[in-house]
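The structure under discussion appears below in the form of structure tokens.
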Amino acid sequence: MKINWFYFSSPPRFYALAGRLSPLFFALALLLATLGLYLGFFVAPTDFQQGEGYRIIFVHVPVSWMSMFIYLVIAFWSAMALVMKTRISMVMAQALVPTGALFTFLSLWTGALWGKPMWGAWWVWDARLTSELILLFLYLALMALRAAIDDERRADRACALFALVGVVNVPVIYFSVKWWNTLHQGASVSLTRAPSMASTMLAGMLVMALAAWAYTIATSLKRARTLLLEREGDSEWARRQLAGDAR
């Protein structure tokens, strides 16, 4: 059986698929977040060094992972838009930006809540923190750049190129604790070695990461549907959809 990978690149087909999947992923995100927070706050043991204050990691670490991963996905869709010229690619890239900005802000905010009792300061110009702050500026710049350009095609191209240039910041964030002498602790979870935490801690963190992943898919699909209607407003299928929604 031959699979047509471009079947859902048609805006009306993608719109219908996104409408079916978005509520499912919202429900999955709620279920996983409830389970993850329960494991993190009620099942995981108290850390012998940081006490109860360490539990912020069950939010901080997953949103930090997702803040970087989302930017990589934006860069992927941006490259697809430049190379393949598919309309859905740039719609997906644009739809992911606000969620990426939200997770980056949450990463910085929860990091400050963690850093105050552990380091004695809300903020330090640490390499990891500073590069994460730059990531937030990149997300905000993407939104500002699109808003500043009226022509849709020029805005798409400018944002795609900007996203591809900015992606170099992601490995800087990830490897900053290895490249420089920083206050931020190293990775507790690695693909090359055993985790340095209790299994219940790891389970809670991974479940929360899956919750953040499901929420990202749900919000990006929901936002992509709105963007498609804005972009395809003159097409027959979009007019029919808008007419149906108005009833």
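Since we're looking at a predicted model, the values are computed, not measured. If you read the sequence from its start, that first residue is 1, and numbering goes on from there.
- Looking only at side-chain heavy atoms (C-beta outward), Phe58 and Met201 come within less than 4.5 Å of each other.
- Residues Leu96 and Val167 share a single hydrophobic cluster, defined by chaining ILVMFWY side chains whose heavy atoms lie under 4.5 Å apart.
- Note on ring orientation: taking the six-membered ring where Trp is involved, the planes of Tyr215 and Phe26 are perpendicular (angle over 60°, cut-offs 30° and 60°).
- Arg231 and Asp156 are joined by a salt bridge, as a carboxylate oxygen and a charged side-chain nitrogen come within less than 4.0 angstrom of each other.
- Not one N or O on the side chain of Arg87 forms a donor-acceptor pair closer than 3.5 Å with the backbone of Pro11.
- Grouping the Ile, Leu, Val, Met, Phe, Trp and Tyr side chains by contacts below 4.5 angstrom, directly or via other members, places Ile74 with Phe76.
- Listed for the Asn169 side chain is no donor-acceptor partner under 3.5 Å among the backbone atoms of Ile134.
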| request: Test side-chain contact (heavy atoms from CB on, under 4.5 Å) on Tyr174 and Val170 and set out the steps. | output: CA-CA 6 Å; Tyr174 184 80; Val170 175; 5.7 Å; no
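- You'll find the side chain of Val59 stays beyond 4.5 Å of the side chain of Leu106, heavy atoms only.
- Checked against the 6.0 Å centroid criterion, the rings of Tyr139 and Tyr71 qualify as a close aromatic pair.
- One distance of note links OG of Ser89 with CE of Met84; it measures 8.0 Å at 0.5 Å rounding.
- Expressed to the nearest 0.5 Å, how far CZ of Arg128 lies from CZ of Phe175 amounts to 10.0 Å.
- At least one side-chain heavy atom of Phe25 sits under 4.5 Å from a side-chain heavy atom of Trp213.
- Leu31 and Met66 are not part of a single hydrophobic cluster, where members link through side-chain heavy atoms under 4.5 Å apart.
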| message | Run the side-chain contact (heavy atoms from CB on, under 4.5 Å) test on Cys159 and Gln94 for me, step by step, so that the C-alpha distance in whole Å, both residues' side-chain angles and the decisive distance to 0.1 Å come before the verdict. | response | CA-CA 9 Å; Cys159 289; Gln94 184 181 354; over 6 Å; no
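- Judged by distance alone, the side chain of Arg55 and the main-chain N or O of Ala44 form a donor-acceptor pair under 3.5 Å.
- For the residue pair Glu132 / Ser64, no side-chain donor-acceptor distance below 3.5 Å is found, with atom types taken as modelled.
- Other residues, nucleotides and ligands place more than 12 heavy atoms under 6.0 Å from the CZ atom of Arg146.
- Here the CD1 atom belonging to Ile70 is positioned 7.5 Å from the OG1 atom belonging to Thr104, to the nearest 0.5 angstrom.
- At most 12 heavy atoms of other shown residues, nucleotides or ligands fall within 6.0 angstrom of atom CZ in Phe137.
- Here the side chain of Thr219 pairs a donor or acceptor atom with the backbone of Thr216 at under 3.5 angstrom.
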